Protein chains: 2
Amino acid sequence: MVGIDEVARAAGVSTATVSRALSGRGRVSAATRMRVEQAADRLGYVVQASASSLASGRTRSIGVLLPLLDPWFFSTVLGGIADALARHGYDITLYVLSNDAGARNAMFGTFLRRQRVDAVIAVSIDLTEAESAALAGLGVPVVRIGGAHRHMTSLAIDDEAVGVLATSHLLRLGHRVIAHIGALPEFDSDFRVPSQRRRGYERALTSAAILPQAELHAASDFTIAGGAAAATRLLEAPGERPTAIFAASDEMAVGAILTAREWGLRVPEDLSVVGVDGHELGAFFRLTSIDQFPREQGVRAAETVLELLEPDPTTHVPPPHTVLPFELVVRGSTAPPPPAPPGQDPLAWQ
Amino acid sequence: MVGIDEVARAAGVSTATVSRALSGRGRVSAATRMRVEQAADRLGYVVQASASSLASGRTRSIGVLLPLLDPWFFSTVLGGIADALARHGYDITLYVLSNDAGARNAMFGTFLRRQRVDAVIAVSIDLTEAESAALAGLGVPVVRIGGAHRHMTSLAIDDEAVGVLATSHLLRLGHRVIAHIGALPEFDSDFRVPSQRRRGYERALTSAAILPQAELHAASDFTIAGGAAAATRLLEAPGERPTAIFAASDEMAVGAILTAREWGLRVPEDLSVVGVDGHELGAFFRLTSIDQFPREQGVRAAETVLELLEPDPTTHVPPPHTVLPFELVVRGSTAPPPPAPPGQDPLAWQ
DNA sequence: CTGAAAGCGCTAACAT
DNA sequence: ATGTTAGCGCTTTCAG
């Protein structure tokens with residue numbers, strides 16, 4: 001591997017000048033810079049990360065902390081982060097939090113403390129007090145996606161508003177018996193998002209003078225299969241059958257649609273379904289959904305981190321909390337409820 | 001941040017001894033090691049990555065190179081890698097290859113050459129000659145998942161055998177008109193896997209004295225929606241309608257099942273479908289599939305890298321190429337074809 | 001604008 | 001088994 005001194009010799013300057021020319025820090029004449037760059041290119045010189053980091057204290061790497069990898073939301077956010085950081089020459093160090101307590105402790109107690117990253121992006125993780133303290137103690141900027149937090153810059157959609165929007169879309173269509181597929185408790189501890197969406201759902205119902213009923217809530221796991229199972233429970237339950245389902249994720253919403261088909265219910269004529277995320281599958285299933293632009297969330301988190309790291313007088317300082325946009329995308333899975341049954345029989349409209 | 005000298009002072013030894021005690025390299029008496037470990041714990045000392053790397057030449061980080069993030073296969077493999085590496089104290093530096101040529105060049109020409117990683121795991125990437133050379137020129141072990149390659153240790157299933165197995169499963173059930181959903185050319189350049197699966201499909205047909213027909217092949221993009229669209233084309237095509245579809249991924253297979261339902265075809269009575277991957281969705285759709293244990297592939301790649309990095313006399317040296325297992329999981333989406341039509345009309349069995 | 005030189009925090013010979 | 005010490009390759013004062 002060719003080192004900085006070879007480049008210096010080739011360009012006829014000192015190593016200090018090479019460092020300045022290549023890093024863009026400190027003044028170098030245009031002519032010198034050009035010579036240095038050419039020499040570096042010709043020799044195939046790339047600065048060695050560890051030496052540069054040790055001397056400068058900067059690593060050019062961002063730690064990304066994720067609770068999971070396979071849900072579409074997480075991998076999509078990560079893709080956005082990866083893309084944006086790569087454009088700025090930053091590497092990603094990936095920390096996937098396992099549910100094993102020992103491994104989790106090692107992440108916060110050891111891995112993250114190696115000073116391998118200049119900043120951390122934590123995606124949708126509900127941190128314990130100790131973990132928050134550990135992150136804050138790192139002495140590097142931390143940007144969170146999902147959920148505000150003191151001591152950390154955060155970007156998040158207003159999940160309660162999402163719940164309200166989805167539910168009032170259904171209310172406006174005339175639905176009165178609206179079910180909700182939310183999260184199992186263990187998912188809520190990973191990312192507290194679900195309980196806020198549920199609160200929005202209940203608030204919208206209450207505003208419409210409808211009492212939220214426990215039987216109309218089913219907890220699930222954010223997968224298609226889980227959503228399908230939850231929908232089955234909802235449809236089987238005694239009492240008035242829902243005419244609409246608001247699922248806390250598009251994947252679960254797709255599951256609900258599949259269940260409806262199995263039951264011989266037409267979507268949206270017999271059952272309306274609305275999801276959240278903006279999943280690519282939505283178009284295929286003609287799913288009405290609240291798009292939260294996950295990839296864009298990743299990009300913005302990356303850009304926020306970079307602004308924090310390389311303050312630029314021309315751009316504003318990132319505010320401690322940014323509210324991200326979301327948008328109701330009405331496709332074909334929601335419509336007015338079927339006409340009221342002639343008798344008392346809630347199944348009569350079938 | 002507390003440094004090694006503070007620990008040395010606290011433990012009453014030299015920094016060299018601290019280094020040896022904590023890294024496990026070189027001899028240290030049990031008593032000293034204990035004292036050092038306690039001092040380090042008490043002070044919350046964690047070795048600084050850049051200083052350690054610069055001095056030792058080891059980074060304790062593995063580069064993982066992926067073409068994409070959201071297909072279930074990739075995020076699942078990555079999860080396996082992350083888990084296995086974390087258990088051994090290694091970090092992951094993530095390199096997501098974009099399809100932008102400039103960005104791709106930067107990955108190979110700059111990012112990977114910063115000497116930030118001790119080894120590289122390249123997942124299902126079809127590298128150009130130049131890219132292979134760049135990887136080899138890194139001077140670190142490279143382990144590939146998917147596709148053998150000279151100069152690189154590789155782990156892969158035999159994708160042609162997968163194609164043969166899937167197809168002969170259908171042949172054995174009595175199918176004669178078997179369609180295949182494969183990859184669009186641009187996907188094959190990312191990971192050459194698809195064309196091998198197709199070759200296996202054709203070989204199995206040929207062995208059964210059936211001529212592979214171009215009209216029975218549809219190229220797609222590995223998504224559910226893409227698989228559904230491909231299946232639609234297959235069913236619409238003139239000529240004899242297939243009684244079975246072999247899709248090169250489970251996600252496309254699920255798409256095919258959904259299309260069949262739309263067409264009013266029962267699976268498996270009217271149409272059999274088989275996929276590849278072992279996707280968690282498979283159980284839900286009762287999909288017959290060839291499981292290739294993606295998470296396990298990630299784990300094994302990680303372990304192979306570690307064996308290469310820390311040769312252990314008790315374990316064998318990793319062979320240059322390891323053939324990974326796969327397994328036909330028969331669920332409910334495959335069955336014998338419908339009885340032959342009474343007349344010439346290929347649609348009569350509907 | 002450029003060069004000389006002192007580290008950055010740790011590891012690995014080399015001694016003892 | 002442990003200490004001493006010379007770097008690892010780069011960045012950054014500090015001079016000029």
Side-chain angles (χ1 to χ4, degrees), chain A residues 1-37 39-40 43-61 89 110 113-118 139-140 309-310, chain B residues 1-37 39-40 43-61 89 110 113-118 139-140 309-310:
Chain A
M1 284 288 137
V2 8
I4 198 173
D5 43 0
E6 283 188 57
V7 180
R9 219 174 309 127
V13 295
S14 71
T15 59
T17 298
V18 173
S19 174
R20 284 188 282 249
L22 261 27
S23 70
R25 317 187 143 245
R27 274 124 264 296
V28 186
S29 76
T32 308
R33 154 165 294 122
M34 173 139 298
R35 261 188 307 138
V36 170
E37 282 172 350
L43 297 173
Y45 171 74
V46 172
V47 62
Q48 185 179 315
S50 55
S52 175
S53 300
L54 182 56
S56 70
R58 276 170 274 106
T59 66
R60 274 185 110 54
S61 182
T110 306
R113 301 191 59 212
R114 291 179 182 157
Q115 283 157 271
R116 207 191 267 292
V117 299
D118 291 337
V140 302
L309 248 26
E310 304 170 355
Chain B
M1 284 289 138
V2 8
I4 198 174
D5 43 1
E6 284 189 56
V7 178
R9 218 172 314 126
V13 296
S14 71
T15 61
T17 298
V18 173
S19 175
R20 284 187 284 246
L22 261 28
S23 70
R25 317 187 145 246
R27 279 118 270 292
V28 186
S29 75
T32 309
R33 155 166 292 123
M34 174 140 297
R35 263 188 306 139
V36 170
E37 283 172 350
L43 297 173
Y45 170 75
V46 173
V47 63
Q48 185 178 315
S50 55
S52 175
S53 300
L54 182 57
S56 70
R58 278 169 272 108
T59 66
R60 272 185 110 56
S61 183
T110 306
R113 301 190 57 213
R114 291 179 181 155
Q115 285 158 268
R116 205 191 268 293
V117 300
D118 292 337
V140 302
L309 249 25
E310 304 170 355

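Just so it is clear, the model here is predicted, and its values are computed rather than measured. Note on naming: letters A, B, ... go to the chains in the order of the sequence lines (proteins, then strands), and numbering restarts at 1 for each one.
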Under 4.0 Å: is that the gap between some side-chain N or O of [X] and OP1 or OP2 of [N]?
| X | N | result |
| --- | --- | --- |
| A:Thr17 | C:dG3 | yes |
| B:Ser56 | C:dT11 | no |
| B:Tyr45 | C:dC10 | yes |
| A:Arg58 | C:dC8 | no |

Atom [atom1] of [X] and atom [atom2] of [N]: how far apart are they, to the nearest Å?
| X | N | atom1 | atom2 | value |
| --- | --- | --- | --- | --- |
| A:Arg114 | C:dC10 | CZ | P | 13 Å |
| A:Asp5 | C:dA5 | CG | P | 16 Å |
| A:Arg33 | C:dC1 | CZ | C1' | 11 Å |
| B:Arg27 | C:dA13 | CZ | C1' | 14 Å |
| B:Gln48 | C:dC8 | CD | C1' | 8 Å |
| B:Leu54 | C:dT11 | CG | P | 11 Å |
| B:Leu22 | C:dG9 | CG | P | 17 Å |
| B:Arg25 | C:dA12 | CZ | C1' | 10 Å |

Closest to the A:Arg20 side chain, choosing from C:dG3, C:dT11, C:dA5: C:dG3

Between C:dC10, C:dA13, C:dC8, which one does the side chain of B:Ala55 approach most closely? C:dC10

Need one value for A:Val18: base, sugar-phosphate or nothing, where a base atom within 4.0 Å counts as base even if backbone is also close, heavy atoms only. nothing

NA contact type, A:Ser23, heavy-atom cut-off 4.0 Å: base, sugar-phosphate, or nothing? nothing

B:Ala51 or B:Ser14, whichever maps to the more 5' nucleotide of DNA chain D: B:Ser14

Along DNA chain D (nearest heavy atom to each residue), the more 5'-positioned of B:Val28 and A:Ala16: B:Val28

Near B:Met34 CE, under 6.0 Å, is it more than 12 heavy atoms from other residues, nucleotides or ligands? no

Under a 4.5 Å cut-off applied to non-hydrogen side-chain atoms, are [X] and [Y] in contact?
| X | Y | value |
| --- | --- | --- |
| B:Arg35 | B:Thr32 | yes |
| A:Ile4 | A:Val47 | no |
| A:Val36 | A:Val13 | yes |
| B:Leu309 | B:Arg58 | no |

What distance do [X] atom [atom1] and [Y] atom [atom2] have between them, rounded to the nearest 0.5 Å?
| X | Y | atom1 | atom2 | answer |
| --- | --- | --- | --- | --- |
| A:Arg20 | A:Thr15 | CZ | OG1 | 9.0 Å |
| A:Arg114 | B:Ser52 | CZ | OG | 9.0 Å |
| A:Ser53 | A:Gln48 | OG | CD | 9.5 Å |
| B:Tyr45 | B:Glu37 | OH | CD | 13.0 Å |

Of all nucleotides in DNA chain D that come within under 4.0 Å of a heavy atom of chain A, which is furthest toward the 5' end and which toward the 3' end? D:dG9 to D:dT13

Per-helix bend value, the helix from C:dC1-D:dG16 to C:dT16-D:dA1, C1' rotation axes over five pairs per end, 10° rounding, shows 30°

Is the backbone of A:Asp118 close enough, under 3.5 Å, to the side chain of A:Thr59 for a donor and an acceptor to pair up by distance? yes

Taking for each residue the nucleotide of DNA chain C with the nearest heavy atom, is it A:Thr32 or A:Thr15 whose nucleotide lies nearer the 5' end? A:Thr32

